[in-house]
Amino acid sequence: MAEAAAGAVARQLPKFKLGSKQVFLPDHVITFLHKTHLPPNEAAFQVPLTFTKFDLRDYLWNVYNVEVTKVRSYVKAQPLTQRPNRANSWYRPQSLKIMNVELKEPFQWPEAPTDLQPWSNELFKQREARLKQNRREQFFAQTAKLEMKSSKPVSKERKELSELAQKMLSGEVQWKNDVILDPKWDELVKSLDTKEGADTAAVKAKEVNNRSEQTS
């Protein structure tokens with residue numbers, strides 16, 4: 001019985017020596033990278049620049065019970081990037097540290113979900129579109145330039161208005177307005193009609209006079 005218990009404890013421990021430093025409130029962020037070119041027994045992680053190979057090895061074992069046999073790391077420099085709110089300001093973002101590990105047991109990535117509704121995908125798209133529009137507005141404000149209306153994407157409302165206008169021009173849809181106007185506008189319309197009628201009668205009378213003079 002004691003031998004079986006000792007064997008179970010031995011199987012739970014990895015083949016390497018674990019670190020003795022305890023971390024109670026970690027503030028680091030580790031990202032599991034999905035790289036399709038890696039075989040099933042390898043995995044890639046983005047770690048802080050201060051992380052060592054032993055830190056990642058102990059982290060995977062203590063948190064996820066994943067044993068690794070080898071760790072390789074490299075630092076990836078970032079290209080020059082233009083600041084979003086300044087036209088002629090460039091900077092180099094902080095470098096990234098990538099670690100590739102060899103797993104004792106292979107890992108297979110699950111299939112990507114097709115229904116993204118549980119993660120509020122539509123709300124995320126609206127947020128990203130709004131952030132992109134804000135960055136464009138800030139850029140034009142910083143450079144003291146006016147964005148041309150033709151350069152902006154056509155909105156859904158403008159497309160609907162354009163389609164309605166085409167239908168009205170072709171006679172497919174008749175214009176109607178069910179809004180009740182103030183009665184004073186009816187009086188104005190009547191006065192305009194009366195004035196137009198008087199002007200038309202005067203023009204016709206003048207034409208008749210001209211014809212009678214020519215015949216005489």
Side-chain angles (χ1 to χ4, degrees), residues 23-53 55-66 68 71-103 105-167:
V23 180
F24 297 98
L25 296 175
D27 58 351
H28 49 259
V29 177
I30 300 175
T31 306
F32 189 12
L33 304 178
H34 189 189
K35 295 189 175 182
T36 56
H37 66 277
L38 293 178
N41 64 331
E42 292 188 12
F45 297 88
Q46 180 180 331
V47 300
L49 292 174
T50 57
F51 239 54
T52 64
K53 298 179 180 179
D55 293 333
L56 182 61
R57 184 190 63 179
D58 292 358
Y59 167 81
L60 294 176
W61 172 259
N62 291 320
V63 178
Y64 300 103
N65 198 25
V66 174
V68 299
V71 182
R72 298 185 300 273
S73 66
Y74 64 94
V75 177
K76 182 179 180 180
Q78 297 298 295
L80 291 175
T81 306
Q82 187 176 7
R83 299 185 188 276
N85 298 332
R86 300 179 183 177
N88 298 321
S89 180
W90 297 76
Y91 74 104
R92 187 180 296 277
Q94 189 179 28
S95 301
L96 304 178
K97 191 171 188 178
I98 309 297
M99 288 190 179
N100 295 334
V101 301
E102 291 186 6
L103 307 173
E105 298 180 0
F107 171 79
Q108 185 68 30
W109 279 87
E111 295 293 335
T114 56
D115 184 16
L116 302 179
Q117 186 63 28
W119 293 274
S120 302
N121 188 45
E122 292 298 329
L123 183 61
F124 172 77
K125 290 181 179 179
Q126 294 177 8
R127 173 182 174 273
E128 291 298 315
R130 185 58 186 172
L131 290 176
K132 183 178 180 180
Q133 180 65 22
N134 291 342
R135 287 193 293 267
R136 286 176 59 89
E137 293 176 357
Q138 292 176 1
F139 171 78
F140 284 104
Q142 291 290 336
T143 55
K145 295 181 180 179
L146 295 177
E147 186 177 9
M148 301 298 295
K149 194 72 174 180
S150 58
S151 63
K152 295 182 179 180
V154 181
S155 61
K156 181 181 178 180
E157 291 77 7
R158 293 183 63 86
K159 290 181 179 179
E160 294 177 353
L161 287 175
S162 178
E163 294 176 357
L164 180 59
Q166 294 296 331
K167 292 180 179 179

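- With hydrogens and angles disregarded, a donor-acceptor distance shorter than 3.5 Å links the side chain of K97 to the backbone of F51.
- Counting heavy atoms from C-beta on, the side chains of Q78 and L96 come closer than 4.5 Å.
- Atom CD of E128 is surrounded by more than 12 heavy atoms from other residues, nucleotides or ligands within 6.0 Å.
- Environment of CZ in F124: sparse, with no more than 12 heavy atoms of neighbouring residues, nucleotides or ligands closer than 6.0 Å.
- Across all non-hydrogen atoms, the minimal contact from S95 to A77 is OG-CA, 3.8 Å.
- Contact record, A43 with L38: C-CD1, 4.1 Å, taken as the closest heavy-atom pair.
- Residues P93 and P79 approach most closely at CD-O, 3.2 Å, considering heavy atoms.
- In this structure, the side chain of T36 does not engage the main chain of H34 through any donor-acceptor pair within 3.5 Å.
- In E160, the CD atom is crowded: over 12 heavy atoms of neighbouring residues, nucleotides or ligands sit closer than 6.0 Å.
- Sparse packing is recorded around NZ of K167, with 12 or fewer heavy atoms of other residues, nucleotides or ligands lying under 6.0 Å away.
- Taken from CG in L25 to CG in D27, the straight-line distance is 9.0 Å, to the nearest 0.5 Å.
- Within the 4.5 Å cutoff, no side-chain heavy atoms of Y64 are placed close to those of F32.
- Between P113 and W119 there is a side-chain heavy-atom pair separated by less than 4.5 Å.
- Counting heavy atoms from C-beta on, the side chains of R72 and E42 come closer than 4.5 Å.
- Counting all heavy atoms, side chain and backbone alike, K53 lies closest to S73 at CE-OG, 3.6 Å.
- Going from atom CG of L131 over to atom CD of Q126 covers 12.0 Å, rounded to the nearest 0.5 Å.
- In this structure, the side chains of R130 and Q133 come closer than 4.5 Å at one or more pairs of heavy atoms.
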What's the verdict on side-chain contact (heavy atoms from CB on, under 4.5 Å) for D55 and H28, showing C-alpha distance, side-chain angles and the deciding distance? CA-CA 11 Å; D55 293 333; H28 49 259; over 6 Å; no

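- The shortest distance between side-chain heavy atoms of I98 and N100 falls below 4.5 Å.
- At least one side-chain heavy atom of L60 sits less than 4.5 Å from a side-chain heavy atom of F45.
- Taken to the nearest 0.5 Å, the OH atom of Y91 stands 10.5 Å off from the CG atom of L80.
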